[in-house]
Amino acid sequence: MSIFARIAAALDGLLDDMTAAGELPAGLNRSSVTVEPPRDASHGDMATNAAMVLAKPAGTNPRALAELIAARLRNLAEVETVDIAGPGFINMRLDRTAWEGELTAVHAAGADYGRSTMGAGRTVNVEYVSANPTGPMHMGHCRGAVVGDALASLLGFAGFKVTREYYINDAGAQVQTLGRSVHLRYREALGEDIGAIPEGYYPGEYLIPIGQQLAAEFGDTYASAPESEWLDLFRERAVAAMMDMIRDDLALLGIHHDVFASEAAVQSAGKVDVALKRLEGEGLIYKGVLEPPKGELPDDWEPTEMTLFRATRFGDDSDRPVRKSDGGLTYFGTDLAYHAQKAESADILVDIWGADHGGTVKRIKAAVQALTGGKVEFDVKLVQMVRLMRNGELVRMGKRLGNFVTLADVVEEVGKDVVRFTMLTRKADAQMDFDFAKVVEASKDNPVFYVQYAHARIASLGRRVKEAFPGELPSPDLSRFGAEELDLIKQMANFPRVVEAAANAHEPHRIAFYLYDLAASFHGWWNLGNDQPERRVIVADDIGLTASRLHLSAGIAQVIRNGLALMGVRALEEMS
RNA sequence: GCGCCCGUAGCUCAGCUGGAUAGAGCACUCGCCUUCUAAGCGAGUGGUCGCAGGUUCGAAUCCUGCCGGGCGCGCCA
């Protein structure tokens, strides 16, 4: 249990005692009582708002209640001083041995330091990437892939059971086009001159080998056969090949999904019929004509009857078609059933989507609400576009331009770890520039470098200490730490809180910012040794102090490793 | 016209789901530095948290309305 959790638990117990003693009324809601480090460290190590939050419902004033709570807090072994400040904050300073113990806890827990039971084993399904299987991964997919993967790791570390899922959009018009495009390449492989790839087909050269393979396997059987004889086959083969490519691309980033769910399979398994029937039974499906969209009317708009889902019942702005006027399913119609399928085996669903799909969040939330009766928690994370920059200039990409930068190219150029870390240096819903030069720059303003450098520096220390003091080191003596060393421990002790907060908010970027701050503090501590040699980690004539400071450094390295592991980034032993 | 996301220092961004005097990097100014791993260190300047109301002990954070930017807007995926 982390030191904050321990103090929070102690506070909770003491509030129980106060209730039993009649100092507080029974049944108070304590959910907004917090124990946190104060923003300003001069206020102490920890602060609680308990008095301010509880005063009103308890029918007393914050200062008076704070006095009562403070009196009991003073009896806690780990608490050294307690005072009341401002409108009723209770500030605590902990005994230094409590902090020393936290460093010991870091070493004892090792790779598990920061692991939480917050999730209590609840199951979470994180669906991410889900790029259309029509080509290789490009940079447009990259950020969602990294954010989703890091979030999945983070939730696992926070005590949830996590499923990483990829939804294969293998049922719509786009994969039909893919099948036809491969057929062209197939005819090409048979020796036919196909000329330029016509408009509306996928022109990518990555389809050539698939055409060749089909030619080798089937000869000219389908060369001039009607589409009905080959389209399904070619589509399936093409999708399978695309998914192999995509899996390879994702592997370059260290991303491996547990489940690849197929849109076509959702349909053929009858899941859509079941879901729609269920909604129909609740009067949530009807045939009707939608109002035309407000504002400028599309030229081809005409009123037609479709099968609609009453999304407006659940807060959407319009009811939404699940079947087209020709009776075929819409994307949403299947997606709705797909979410019902995911909800069968998860307590919590998380989707990671590109921001360009933001307009459809409400309808899918409405659908999940309707299908699960609100029993399944559902969050859609929108991830903003990444602008690729080279030498300060925007790298223009587009299907039309045919020059989109592939994920594999970027990983090859700057490395998996740099890509992953950089993608997490912004909130998901904020736009981001990815500059090829800046992300590999060796300087303080590059967080990737700065965090890795801290870890490498500590690794180097380990090697140096072995040279300076061959043989066994004495056990660390934590009582020799000064204020700066204790401050570093306090910052480390925040890691478990950051993990929980980040997992709770579904915001893996917080780990990256935390690590940057921790690295900065470590570098600052290190630099004390520049002016004052006696403040260095390695003190030539004091093996005991050296061992103690190395122990502290190693603790920081451990926390950095744990944080980086959540981000899917390897820690470096030395800078190259 | 509607919906979603966003608006914080000159620039790029954090801000722990409502806490105390709003933070970091860059840039700028002033010092220092030839090192336990070099790719620097320390300090300083810089803010009406888009604007206006509201909620309460307390708001950058929650609510409403404007202003500005991005994305999207029946039968695409």
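All chains are named by letter (A, B, ...) in the order of the sequence lines, taking the proteins before the strands, and each is independently numbered beginning at 1.
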Colleague: So what does A:Arg323 touch, heavy atoms closer than 4.0 Å: a base, only the sugar-phosphate, or nothing?
Modeller: nothing
Colleague: Any base atoms under 4.0 Å from A:Pro321, or only sugar-phosphate, or nothing? Heavy atoms, all strands.
Modeller: sugar-phosphate
Colleague: Would A:Tyr331 count as stacked on B:rC76 if the rule is ring centres under 5.5 Å and plane angle under 30°?
Modeller: no
Colleague: Considering only side-chain heavy atoms of A:Arg426, which listed nucleotide, B:rG72, B:rA14, B:rA77, is closest?
Modeller: B:rA14
Colleague: Quick one: label A:Ser325 by what it contacts on the DNA or RNA (base, sugar-phosphate, nothing), any heavy atom closer than 4.0 Å.
Modeller: base
Colleague: Could you work out the separation of B:rA60 and B:rG54 based on their P atoms and round it to a whole Å?
Modeller: 15 Å
Colleague: Take atom CG of A:Leu54 and atom C1' of B:rU56, then tell me their distance rounded to the nearest Å.
Modeller: 16 Å
Colleague: Using a cut-off of less than 4.0 Å, is there contact between a side-chain N or O of A:Lys427 and OP1 or OP2 of B:rA14?
Modeller: yes
Colleague: Dump the intermediate steps for side-chain contact (heavy atoms from CB on, under 4.5 Å) on A:Phe434 and A:Arg387, then the final yes or no.
Modeller: CA-CA 6 Å; A:Phe434 183 97; A:Arg387 297 196 309 172; over 6 Å; no
Colleague: Looking for any heavy atom pair under 4.0 Å, which part of the strands does A:Ala501 touch: base, sugar-phosphate only, or nothing?
Modeller: sugar-phosphate
Colleague: How would you label the contact of A:Pro447 with the nucleic acid (heavy atoms, under 4.0 Å): base, sugar-phosphate, or nothing?
Modeller: nothing
Colleague: State whether the side chain of A:Asn132 and the backbone N or O of A:Thr134 hold a donor-acceptor pair below 3.5 Å, judged by distance alone.
Modeller: no
Colleague: Take A:Met306 and A:Ser460, find for each the nucleotide of RNA chain B with the closest heavy atom, and name the residue whose nucleotide sits nearer the 5' end.
Modeller: A:Ser460
Colleague: Is a donor on one side and an acceptor on the other found under 3.5 Å between the side chain of A:Asp317 and the backbone of A:Thr312?
Modeller: no
Colleague: Pairing check on B:rG58: which nucleotide meets the Watson-Crick or G-U wobble criteria with it, both distances under 3.5 Å?
Modeller: none
Colleague: Which atom pairs, donor and acceptor, lie under 3.5 Å between side-chain atoms of residues 51-70 of chain A and protein residues at least two apart or in another chain?
Modeller:
residue	atom	partner	partner atom	Å
A:Asn61	OD1	A:Arg63	N	3.1
A:Asn61	OD1	A:Ala64	N	3.0
A:Arg63	NH1	A:Gly86	O	2.7

Colleague: Searching all strands shown, indicate the nucleotide that pairs with B:rG42 (Watson-Crick or G-U wobble; both distances under 3.5 Å).
Modeller: B:rC30
Colleague: Could you walk me through whether A:Gln174 and A:Leu178 pass the side-chain contact (heavy atoms from CB on, under 4.5 Å) test, one step at a time?
Modeller: CA-CA 6 Å; A:Gln174 292 187 10; A:Leu178 179 75; over 6 Å; no
Colleague: Would you check if A:His357 stacks with the base of B:rG72, given a 5.5 Å centroid limit and a 30° plane limit, both strict?
Modeller: no
Colleague: B:rA14 phosphate, OP1 or OP2: any side-chain N/O from A:Tyr516 under 4.0 angstrom?
Modeller: no
Colleague: Can you measure from CZ (A:Arg363) to CZ (A:Phe314) and round to the nearest 0.5 angstrom?
Modeller: 15.0 Å
Colleague: Determine the Euclidean distance between corresponding P atoms of B:rC11 and B:rC49; express it in Å to zero decimal places.
Modeller: 16 Å
Colleague: Could you measure between the two P atoms, the one in B:rC51 and the one in B:rG68, and give it in whole Å?
Modeller: 15 Å
Colleague: Is there a donor-acceptor pair under 3.5 Å between the side chain of A:Asp433 and the backbone N or O of A:Asp435?
Modeller: no
Colleague: Should B:rU35 form a Watson-Crick or G-U wobble pair with both distances under 3.5 Å, which nucleotide is its partner?
Modeller: none
Colleague: Check the distance between B:rU12's C1' and A:Phe513's CZ and give it to me in whole angstrom.
Modeller: 10 Å
Colleague: Given that both distances must come in under 3.5 Å, which nucleotide forms a Watson-Crick or G-U wobble pair with B:rA20?
Modeller: none
Colleague: State whether A:Arg535 places a side-chain N or O below 4.0 Å from either non-bridging phosphate oxygen (OP1 or OP2) of B:rC36.
Modeller: no
Colleague: If I pick the C1' atom on B:rG18 and the same atom on B:rU55, what distance separates them, to the nearest angstrom?
Modeller: 11 Å
Colleague: Would you kindly give the CE-to-P distance between A:Met385 and B:rC5, to the nearest whole Å?
Modeller: 16 Å
Colleague: Look at atom CD of A:Glu291 and say whether more than 12 heavy atoms of other residues, nucleotides or ligands are closer to it than 6.0 Å.
Modeller: no
Colleague: Looking across every strand, which nucleic acid part, if any, lies under 4.0 Å from A:Ala468 by heavy atom: base, sugar-phosphate, or nothing?
Modeller: nothing
Colleague: Is there, by distance only and without an angle test, a donor paired with an acceptor across the side chain of A:His509 and the base of B:rA14 below 3.5 Å?
Modeller: no
Colleague: What's the gap between B:rU34 and B:rG23 when it is taken at their P atoms, as a whole Å value?
Modeller: 33 Å
Colleague: Going by the glycosidic torsion and a 90 degree boundary from 0, is the base of B:rU17 oriented syn or anti?
Modeller: syn
Colleague: Who is the Watson-Crick or G-U wobble partner of B:rG47, with both distances under 3.5 Å?
Modeller: none
Colleague: Considering just the side-chain nitrogens and oxygens of A:Lys324, establish if one lies under 4.0 Å of OP1 or OP2 belonging to B:rG74.
Modeller: no
Colleague: Expressed as a whole number of angstroms, how long is the span from A:Leu382:CG to B:rG3:P?
Modeller: 17 Å
Colleague: What distance, rounded to whole Å, do you find between the two C1' atoms, one in B:rA9 and one in B:rC5?
Modeller: 24 Å
Colleague: For A:Ala442 and A:Thr304, take the nucleotide of RNA chain B holding the closest heavy atom to each; which residue's nucleotide lies nearer the 5' end?
Modeller: A:Ala442
Colleague: Can you find an N or O donor on one side and an acceptor on the other, under 3.5 Å apart, linking the side chain of A:Asn91 with the base of B:rA20?
Modeller: yes
Colleague: Ignoring backbone atoms, test whether A:Arg497 places a side-chain nitrogen or oxygen under 4.0 Å from the OP1 or OP2 oxygen of B:rC16.
Modeller: no
Colleague: Over all strands shown, is A:Glu574 touching base, sugar-phosphate only, or nothing at heavy-atom distances under 4.0 angstrom?
Modeller: base
Colleague: Find the partner of B:rA52: check Watson-Crick (N1-N3 plus N6-O4 or O6-N4) and G-U wobble (N1-O2, O6-N3) distances, both under 3.5 Å, and reply none if neither fits.
Modeller: B:rU64
Colleague: In the structure shown, which nucleotide is the Watson-Crick or G-U wobble counterpart of B:rC73, with both distances under 3.5 Å?
Modeller: B:rG1
Colleague: Pairing check on B:rG25: which nucleotide meets the Watson-Crick or G-U wobble criteria with it, both distances under 3.5 Å?
Modeller: B:rC11
Colleague: Within a reach of under 6.0 Å around NZ of A:Lys490, are more than 12 heavy atoms found that belong to other residues, nucleotides or ligands?
Modeller: yes
Colleague: By the 4.0 Å heavy-atom rule, please label A:Asn530 as base, sugar-phosphate, or nothing.
Modeller: base
Colleague: How close or far is atom P of B:rC2 from atom CG of A:Asp317, stated in whole angstroms?
Modeller: 11 Å
Colleague: Look at the side-chain N and O atoms of A:Tyr450 and state whether any lies under 4.0 Å from the OP1 or OP2 oxygen of B:rA39.
Modeller: no
Colleague: Between A:Lys438 and B:rU12, is there a side-chain N or O to OP1/OP2 distance below 4.0 Å?
Modeller: no
Colleague: Report yes if the side chains of A:Arg143 and A:Arg426 come closer than 4.5 Å at any heavy-atom pair, otherwise no.
Modeller: yes
Colleague: Starting at CZ of A:Phe314 and ending at P of B:rG3, how long is that distance when rounded to a whole Å?
Modeller: 21 Å
Colleague: Could you tell me whether the phosphate oxygens of B:rC4, OP1 or OP2, come under 4.0 Å of any side-chain nitrogen or oxygen in A:Lys362?
Modeller: yes
Colleague: Write down the distance between CZ (A:Arg457) and C1' (B:rC36), rounded to a whole number of angstrom.
Modeller: 9 Å
Colleague: Of the nucleotides B:rG19, B:rA20, B:rC76, which has the atom closest to the A:Thr360 side chain?
Modeller: B:rC76
Colleague: For nucleotides B:rA20 and B:rG1, find the distance between their C1' atoms and express it as a whole number of Å.
Modeller: 45 Å
Colleague: Across the strands shown, which category fits A:Pro533 at heavy-atom distances under 4.0 angstrom: base, sugar-phosphate, nothing?
Modeller: nothing
Colleague: Rounded to the nearest Å, what distance is computed from the CD atom of residue A:Gln174 to the C1' atom of nucleotide B:rA77?
Modeller: 5 Å
Colleague: Using the C1' atom in both, what is the distance from B:rU12 to B:rC57, to the nearest Å?
Modeller: 36 Å
